[in-house]
Amino acid sequence: MKLPIYLDNHATTPVDPRVLEAMLLYFTENFGNAASRNHQFGWTAAAAVENARKQVAKLINAGTKEIVFTSGASESDNLALKGVAHRYRDRGDHIITAATEHKAVLDSAARLAQEGFRVTYARLRPDGLVDLDDLMRAITEKTLLVSIMAANNEIGVLQPLSEIGRMCRERRVLFHTDAAQATGKIPLDVEAMHIDLLSIAGHKMYAPKGVGALYVRRRAAQVDLEPIIDGGGHEGGLRSGTLNVPGIVGLGKACEICRQEMPEESRRLAGLRDRLKDGLLARLDGIHFNGSLEHRLPNNLSVSFPGIDPPTLMAAMSDIALSSGSACTSEKPEPSYVLQALGVPAEIAGTPLRFGLGRFTTQEEIDYCLNRVAETVKRLREMGRIAAA
Ligand SMILES: *Cc1c(COP(=O)(O)O)cnc(C)c1O
């Protein structure tokens, strides 16, 4: 077993060697610009992009023409929210989201609020799921879009996408879901779930950083967007800029692997995650698991250790790569905004540790980690008792 052990797969994942292998030729031999229409180099690149588009579409039961390649889920979220708001501004001025969304959604919504749109944050239950009755009541004649994430990046909670999708379809409101953490981890079906827009991040699913996609409904009840990046009219005019061909090939391959391996891999991950949970419970008292344990990503566990400061705990375990919350906000130690939004007490919201298991996590690593975490928590508690005495 190699140290340090990586358990921060919600922040980013390594590139799968099979993904890298698929990409390599597109840096060197097949380096063409996918928009070059007049020669073999361009045709080869364009064919690779279209193959990747099929692979991405297939994973979420979309049509090939409905996939727009972007630089990642942040860009996809921005394009979905701002694109819908700006395109349909004459039809309404209201957007609904939730306080536990990723900053790419929250900050896009805040920007739209500055422009005069109204934003409602749907109520959340203590287990992290949106309150569907509250969401239903929040929809008005002026509502353009509901944006609710598929899986939370801190606490791994899965939202009831089918129910939200059905509700939005009935009320003729567009439904966007940020699926950066969910794509390739749980089954997603944009048709069955009535999803109109869906954000994907390559680097959360074993493809490289800097590539992602936005699914945009183009079949029945087509969605139109105002682009953010203007230029050569790439990606159906929705996202100009020379395509990142190697990255896109990698994303496609990553989607194919996830589709093939998901059933078995999610069982394996849930088994390891439960081993971690049960092991911690057996060794430690006074710990708290955050978010629904039932509606949860198979690779996530969020645990609070009241009385213990996560930076201190993590510093005492430099052989394990963990984080306390989302990578984007963990610069300064603040209580988790996600847990605060669920109304959990400060001593729990302030002390979460996020375990993000991944494709390369082994049982040996989990056993090492749970012993190490339990030992360290006990030692820090003992030190706290001595200091207080
Ligand atoms: C990582 C993440 C993002 C941002 O994706 P990037 O590709 O890094 O821009 C957005 N939403 C969620 C839920 C994420 O986990």
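First listed ligand is number 1; within each ligand, the first listed atom is number 1.
Under 4.0 Å from ligand 1, the heavy atoms of Lys204 that appear belong solely to its side chain. Contact annotation for His203 and ligand 1: only side-chain heavy atoms (C-beta onward) come within less than 4.0 Å of the ligand. Neither the backbone nor the side chain of Glu75 has any atom closer than 4.0 Å to an atom of ligand 1 (non-hydrogen atoms only). Of all the heavy atoms of Ala73, the ones lying under 4.0 Å from any atom of ligand 1 are found in both the backbone and the side chain.
Scanning for side chain to side chain donor-acceptor pair (under 3.5 Å) contacts around Asp127 gives Arg125, with sequence neighbours left out.
Residues Phe41 and Phe31 place their aromatic rings such that the two centres sit under 6.0 Å apart.
With hydrogens and angles disregarded, no donor-acceptor distance shorter than 3.5 Å links the side chain of Arg259 to the backbone of Ile60.
For the pair Arg239 and Phe69, the cation does not sit on the ring face, since its NZ or CZ is not both under 6.0 Å from the ring centre and inside 45° of the axis. Seen from the ring of Phe355, Lys277 does not count as a face-on cation partner, given the 6.0 Å and 45° thresholds.
Contact atoms of ligand 1 toward Gly72: 7 (O) (distance under 4.0 Å to a heavy atom of the residue). Within the listing of ligand 1, atoms 13 (C) sit less than 4.0 angstrom from a heavy atom of Met149.
Applying the side chain to side chain contact (heavy atoms under 4.5 Å, CB included) test between Val157 and each of Leu129, Thr100, Leu124 identifies Leu129 as the sole match.
Some N or O of Ser74 is nearer than 3.5 Å to an N or O of ligand 1, by distance alone.
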